[in-house]
Number of protein chains: 2
Amino acid sequence: MSGLENVKWVVASRPEAEVQASNFEMKREPVAPLGPGCMLLKARYFTVNPPARMALVSGGIARRPIPIGATMRGSGLAEVVESRNPDFEPGDLVMGDLGWQRYVISDGVRRRVVNKVQPREGFPASTLLHVLGGSGATAYFGMTEYARPRVGDTLVVSTAAGNVGALVCQLAKMQGCRVVGIAGGARKCGWLVSELGCDAAIDYKSEDVPARLDETCPNGIDIYFDHVGGAILDAALARIAQGARVVLCGGTSQYNNDLDWYGPKNYFNLVYKQAEMTGFYVFNFRDRFEEAHSRLAALIAEGKLQYREDILEGVENLPEALMRLFRGDNFGTQLVHDA
Amino acid sequence: MSGLENVKWVVASRPEAEVQASNFEMKREPVAPLGPGCMLLKARYFTVNPPARMALVSGGIARRPIPIGATMRGSGLAEVVESRNPDFEPGDLVMGDLGWQRYVISDGVRRRVVNKVQPREGFPASTLLHVLGGSGATAYFGMTEYARPRVGDTLVVSTAAGNVGALVCQLAKMQGCRVVGIAGGARKCGWLVSELGCDAAIDYKSEDVPARLDETCPNGIDIYFDHVGGAILDAALARIAQGARVVLCGGTSQYNNDLDWYGPKNYFNLVYKQAEMTGFYVFNFRDRFEEAHSRLAALIAEGKLQYREDILEGVENLPEALMRLFRGDNFGTQLVHDA
């Protein structure tokens with residue numbers, strides 16, 4: 001397949017504060033011919049996630065930032081368009097770290113882009129990137145293994161309109177919890193209450209979160225599902241009820257702080273309230289993903305669980321997609337589709 | 001019983017930094033005659049604990065500091081010396097919040113000093129204040145319910161030579177753990193290794209704790225039993241192994257900071273390492289204290305578990321006992337005996 005042009009984003013500079021467009025540079029180059037055993041992948045969907053900020057600066061816990069000039073890392077779903085590898089044929093779908101680019105040549109060995117997948121029957125392929133992928137599993141195992149909801153529990157979740165948060169809200173309602181979602185802006189907060197059935201929503205952009213937590217959680221917080229860290233985590237820790245479970249799932253407010261995170265001053269309330277704070281890596285549950293995804297799919301099919309996608313078109317929009325995420329401008333799972 | 005003189009310590013001022021002798025004032029007053037239903041208690045042993053600092057300043061989480069001029073709060077063991085209460089007779093032992101004073105008149109109703117106790121056969125009464133009391137139960141339930149040691153785990157404990165820490169070290173060794181104790185000074189560190197069987201000890205007063213944790217825990221920390229908070233908690237969190245359990249038991253380094261604690265910046269490592277951080281209030285296990293104490297007593301009787309007491313003589317020494325604790329000068333459970 002000749003004459004194809006790849007479009008890719010390389011890291012141009014490291015963000016000093018917020019991620020900016022100037023941190024990335026778009027490159028165009030001809031797609032190289034396929035070597036033996038190799039295959040050519042065409043990106044279909046990308047997800048963007050807040051920890052990308054750390055990959056750009058410190059490299060996070062592994063301390064391996066993406067080198068300047070290298071292709072930006074990013075997960076997505078791609079289709080095999082040409083194959084010299086006997087295990088793959090055109091039309092196969094694969095998922096993994098594609099890098100921010102339209103075409104990827106895989107040698108069929110690097111794990112990151114040779115994870116063959118199939119969309120679940122009756123669901124669009126894009127769901128593999130959220131509700132029927134890692135985010136769905138995160139919400140499901142976060143609830144079943146860590147939050148462990150009891151009927152009547154008050155659950156608070158931050159980034160409640162996000163891909164994990166929105167599922168957590170709905171799963172918690174199904175299990176008899178009172179649910180308070182924290183999100184940014186009246187539109188998302190309205191959606192949490194009117195569409196997802198939350199008992200209350202707190203707009204962190206315009207409201208006093210601690211005061212609103214006092215109002216909405218008069219008996220304290222039994223489960224706090226955290227995606228943001230920082231002052232909101234501290235406010236929640238100050239209000240946990242006896243036996244509370246704090247489930248750590250993200251720390252969006254701190255990814256800009258990189259290696260100098262805000263430490264929650266109220267952590268010792270875990271002692272006063274005989275509570276626990278836990279974290280987990282969802283891929284440690286990969287042997288049980290089918291359990292999670294079959295149940296979530298059944299709920300969607302029955303109309304009991306909904307999800308929202310926010311799609312930008314074209315790999316050209318990948319930096320913008322990431323910046324939207326940090327600004328909280330996305331409304332639903334932020335995806336980039338490439339036709 | 002007339003002519004008795006009470007000696008008591010009242011709060012004279014609130015500590016601005018370290019607790020000082022001048023924060024307390026000794027008062028002498030005649031013991032009042034007993035009203036109907038009342039009994040006169042004579043203090044035998046007191047324990048002092050670091051959270052006392054918070055009771056002096058903010059009142060801790062309850063925000064009720066001890067009023068200036070009021071008797072300093074403090075737990076201990078007392079003997080009934082005179083009784084007009086049919087449920088108690090001279091010679092009975094009671095435990096609870098005696099206040100820092102030689103004599104206490106109890107109306108037999110206030111729970112704090114009407115908790116009748118008996119020393120376990122073959123053990124001195126003072127053990128009710130540590131290994132066969134709350135500290136023993138804390139170590140036992142902290143290990144069984146929260147630390148959940150697996151054979152081969154590396155356990156690190158701070159304040160390792162303290163009343164809970166020393167028990168944790170020994171229990172962990174019995175359960176097949178590698179044990180690293182953190183304590184202040186060569187004498188305590190030597191004792192941890194030579195007497196308690198710790199695999200290594202770290203002297204936080206003279207050594208670089210993070211560097212020594214790297215040396216002594218090459219495969220990371222599976223269990224961290226925290227009594228101090230602050231930078232040491234952070235150093236431990238930075239080194240937890242996959243599936244680690246962080247058991248919060250105290251925060252001595254932070255009791256001076258009162259309501260503005262140092263928050264652990266590395267808390268998010270709980271996510272990377274699929275780990276948990278838990279706290280508990282030992283008296284929630286009170287229905288199971290006999291389980292803990294009978295097992296600990298059996299181990300002591302078999303010579304497999306040891307404890308150390310550090311006793312000052314006379315209620316006059318109560319402020320000094322508390323200050324010694326904050327300086328880390330005590331070597332063993334800090335008690336004050338009053339003859």
Side-chain angles (χ1 to χ4, degrees), chain A residues 50-51 54 60-63 138 141-142 145-146 148 225-231 233-235 237-240 242-255 257-285, chain B residues 50-51 54 60-63 138 141-142 145-146 148 220 225-231 233-234 237-240 242-255 257-285:
Chain A
M54 292 197 290
I61 198 168
R63 305 286 200 274
T138 298
F141 293 111
E145 307 301 310
Y146 298 95
R148 304 188 304 275
F225 217 101
D226 187 44
H227 290 103
V228 297
L233 171 56
D234 242 348
L237 280 169
R239 288 161 180 81
I240 52 176
Q242 198 67 26
R245 287 82 69 203
V246 176
V247 184
L248 299 174
C249 195
T252 307
S253 77
Q254 299 303 301
Y255 295 139
N257 295 343
D258 215 43
L259 297 175
D260 184 30
W261 283 42
Y262 172 96
K265 293 174 189 295
N266 296 323
Y267 80 96
F268 205 68
N269 221 10
L270 296 172
V271 174
Y272 297 128
K273 297 304 168 91
Q274 194 152 314
E276 62 180 47
M277 186 155 81
T278 54
F280 65 104
Y281 179 59
V282 73
F283 290 101
N284 288 340
F285 290 94
Chain B
M54 292 196 291
I61 199 169
R63 306 283 200 277
T138 299
F141 293 111
E145 308 301 311
Y146 297 95
R148 304 189 305 274
F225 216 102
D226 187 45
H227 291 104
V228 297
L233 171 57
D234 242 349
L237 280 170
R239 287 160 180 82
I240 51 175
Q242 198 67 25
R245 286 81 69 205
V246 176
V247 184
L248 299 174
C249 195
T252 308
S253 77
Q254 299 303 302
Y255 295 140
N257 295 344
D258 216 44
L259 297 175
D260 185 30
W261 283 42
Y262 172 97
K265 294 174 189 295
N266 297 322
Y267 80 96
F268 205 68
N269 221 8
L270 296 171
V271 174
Y272 297 129
K273 297 305 168 91
Q274 194 150 317
E276 62 180 48
M277 185 155 82
T278 54
F280 65 104
Y281 179 58
V282 72
F283 290 100
N284 287 341
F285 290 95

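Reminder, nothing fancy here: chain letters follow the sequence lines and each chain counts from 1. Remember, predicted model here, so these are calculated numbers, not experimental data.
Of the residues considered (A:Ala275, A:Gly243, A:Cys249), A:Ala275 shows the highest number of contacts with chain B, using heavy-atom pairs under 4.5 Å. Ranked by heavy-atom pairs shorter than 4.5 Å toward chain A, the options B:Asp234, B:Leu248, B:Leu233 are led by B:Leu248. Your options are B:Val246, B:Thr278, B:Leu270, and the one with the most heavy-atom pairs under 4.5 Å with chain A is B:Leu270.
Smallest separation of non-hydrogen atoms from A:Phe285 and B:Gln274: CE1-NE2, 3.8 Å. Scanning all heavy atoms of the two residues, the minimum distance from A:Asn284 to B:Gln242 falls at ND2-NE2, 3.1 Å. Nearest heavy-atom pair across B:Tyr267 and A:Pro264 is CD2-CD, 3.5 Å.
Within the model, atoms CD of B:Glu276 and CZ of A:Phe280 stand 13.5 Å from one another, a figure rounded to the nearest 0.5 Å. The distance from the CH2 atom of A:Trp261 to the CG atom of B:Asn269 is 10.0 Å, given to the nearest 0.5 Å.
Looking at A:Tyr262, the atoms closer than 4.5 Å to chain B (heavy atoms on both sides) all sit in the backbone: N, CA, C or O.
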